[in-house]
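Below is one structure; the comments refer to it alone.
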There are 2 protein chains.
Amino acid sequence: MSRKGADLALLLLGGFRQLAEDAGAELLRRGYPELRPSQEFAMRAIAGGADSASELGRRLSISKQAAAKVTSVLEERGYVARMDDAKDFRRKLLTVTPLGHEVMAQGEAIFDDLRAAWARKIGETALDRLQSDLSILIGNAAVDLDAPGMTGLEED
Amino acid sequence: MSRKGADLALLLLGGFRQLAEDAGAELLRRGYPELRPSQEFAMRAIAGGADSASELGRRLSISKQAAAKVTSVLEERGYVARMDDAKDFRRKLLTVTPLGHEVMAQGEAIFDDLRAAWARKIGETALDRLQSDLSILIGNAAVDLDAPGMTGLEED
DNA sequence: CCCAATTAGACAACCAAGTTGTCCTTGAAG
DNA sequence: CTTCAAGGACAACTTGGTTGTCTAATTGGG
């Protein structure tokens with residue numbers, strides 16, 4: 001009955017969701033190109049050595065078909081190149097283009113700032129909630145973050 | 001251009017994904033009813049005091065329409081009841097039925113076991129990866145979990 | 001050397017879980 | 001009392017996956 005895939009939603013808890021939305025908004029506001037997060041993450045995985053669609057699927061724990069889809073989009077955008085592999089004619093070799101690397105570097109810079117901002121904000125509400133969400137998954141014992149006064153599971 | 005919503009995928013990183021899949025598989029294996037995680041989470045939010053669709057949407061950071069959808073499913077399943085609110089005729093009051101509470105208790109028990117299992121496994125691969133994924137979002141400084149020997153960002 | 005099994009990739013149909021936008025009704029507040 | 005906000009329902013759409021099926025290329029055993 002295929003719970004797979006749908007289970008991902010377990011993680012889309014409120015706190016995470018908010019944090020992700022904020023990050024996305026900030027990226028856009030600072031001129032980061034209109035890149036879907038799934039695309040962004042796939043590109044980073046390719047840069048990190050996932051040099052074929054199947055391998056990409058394996059790394060991201062998604063199907064090869066889904067990996068191929070996102071790869072196609074990245075290729076259209078010019079961030080990733082798909083070349084024939086001379087050694088294995090079944091494979092299409094994936095590489096991140098210079099443009100792709102440029103974009104990733106830009107994102108890196110923004111994320112650095114976001115981290116700094118979050119680090120200040122972190123004792124307040126965001127991480128508090130994130131922590132309580134996360135503990136649903138991996139339990140209180142394991143999730144301690146830095147725990148100055150966070151008990152974890154007290155959902156308002 | 002509506003990055004909202006899609007940004008959630010930023011969080012669907014490999015490590016989380018794996019953990020969530022394992023959890024889902026285990027729940028199924030132990031006879032937990034066929035419940036979508038989004039449904040599960042919504043039910044818990046309702047039990048936690050989200051007594052209307054709009055309020056549910058607010059708590060989960062999703063639209064009231066999405067909240068209403070999942071509520072309908074929960075109602076069909078018999079886990080949640082929708083009643084007219086005598087005080088405000090616009091609202092439909094949401095409550096978790098005894099059956100719903102029963103299911104949640106069952107899930108609680110399974111999760112307790114999972115947490116114990118994860119606590120053992122935690123120094124190994126799973127949390128390692130989860131940690132590295134999470135640090136993409138909120139940075140290394142903030143994510144320290146309990147850090148016995150985890151450096152965090154070494155992606156294979 | 002050949003054949004069986006495996007693997008990469010493409011294509012199609014489908015689904016889950018959101019999103020907007022619009023509309024109606026009810027309640028609240030000047 | 002009139003305007004505005006809020007709750008809810010319905011519809012059309014989008015994203016990011018999922019199977020299932022197919023072909024072509026590689027690999028490994030006898």
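Here is how names work: the chains are called A, B, and so on, in the same order as the sequence lines, proteins then strands, and each is numbered from 1.
The hydrophobic clustering, which links ILVMFWY residues whose side-chain heavy atoms are closer than 4.5 Å, places A:Leu99 and A:Val80 together. In the hydrophobic cluster analysis, where Ile, Leu, Val, Met, Phe, Trp and Tyr join through side-chain heavy atoms closer than 4.5 angstrom, B:Leu94 is grouped together with B:Met104.
Note on B:Ser63: every side-chain N or O is 4.0 Å or more away from OP1 and OP2 of C:dT20. Between A:Ser54 and C:dT7, a side-chain N or O to OP1/OP2 separation shorter than 4.0 Å is absent.
The stretch residues 79-87 of chain A comes close to DNA chain D through A:Lys87, each having a heavy atom under 4.0 Å from the strand.
Nearer to the 5' terminus of DNA chain D, by closest-nucleotide assignment, is the contact made by B:Ala53 (compared with the other of B:Ala53 and A:Ala67). Two residues, B:Val70 and A:Gln65, neighbour DNA chain C, and the one matched to the more 5' nucleotide by heavy-atom proximity is A:Gln65.
When every heavy atom of A:Ser72 is checked against every heavy atom of A:Arg82, the shortest pair comes out as OG-NH2, 3.2 Å.
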Chi angles and distances behind the salt bridge (charged side-chain N to carboxylate O under 4.0 Å, His left out) call for B:Arg90, B:Asp88: CA-CA 5 Å; B:Arg90 293 171 303 177; B:Asp88 183 340; 2.9 Å; yes

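In this structure, A:Phe41 atom CZ and D:dT15 atom C1' are separated by 17 Å, rounded to whole Å. Look at NZ on B:Lys64: it is 12 Å from P on C:dT19, rounded to the nearest Å. The interatomic distance linking B:Arg58 (CZ) with D:dG7 (P) rounds to 5 Å, in whole Å. Atom NZ in B:Lys69 sits roughly 12 Å away from atom C1' in D:dA9 (whole-Å rounding). Across the protein-nucleic acid pair, B:Arg90 atom CZ and D:dG7 atom P stand 6 Å apart, rounded to whole Å. Distance A:Asp51 CG to C:dT7 C1': 14 Å, rounded to the nearest Å. Rounded to a whole Å, the CG atom of A:Asp88 is 5 Å from the P atom of D:dT26. Protein atom CD of B:Glu55 is 8 Å distant from nucleotide atom P of D:dG7, rounded to whole Å.
Residues passing the side chain to side chain donor-acceptor pair (under 3.5 Å) test with A:Gln39: none are found, sequence neighbours excluded. Applying the side chain to side chain donor-acceptor pair (under 3.5 Å) criterion to B:Thr95, with sequence neighbours excluded, gives no partner residue.
Nucleic acid contact class of A:Ala66 (heavy atoms, under 4.0 Å, all strands): base.
A side-chain hydrogen bond (donor to acceptor under 3.5 Å, both in side chains) with B:Lys92 is found for one member of B:Asp84, B:Asp51, B:Asp85 and no other, namely B:Asp84.
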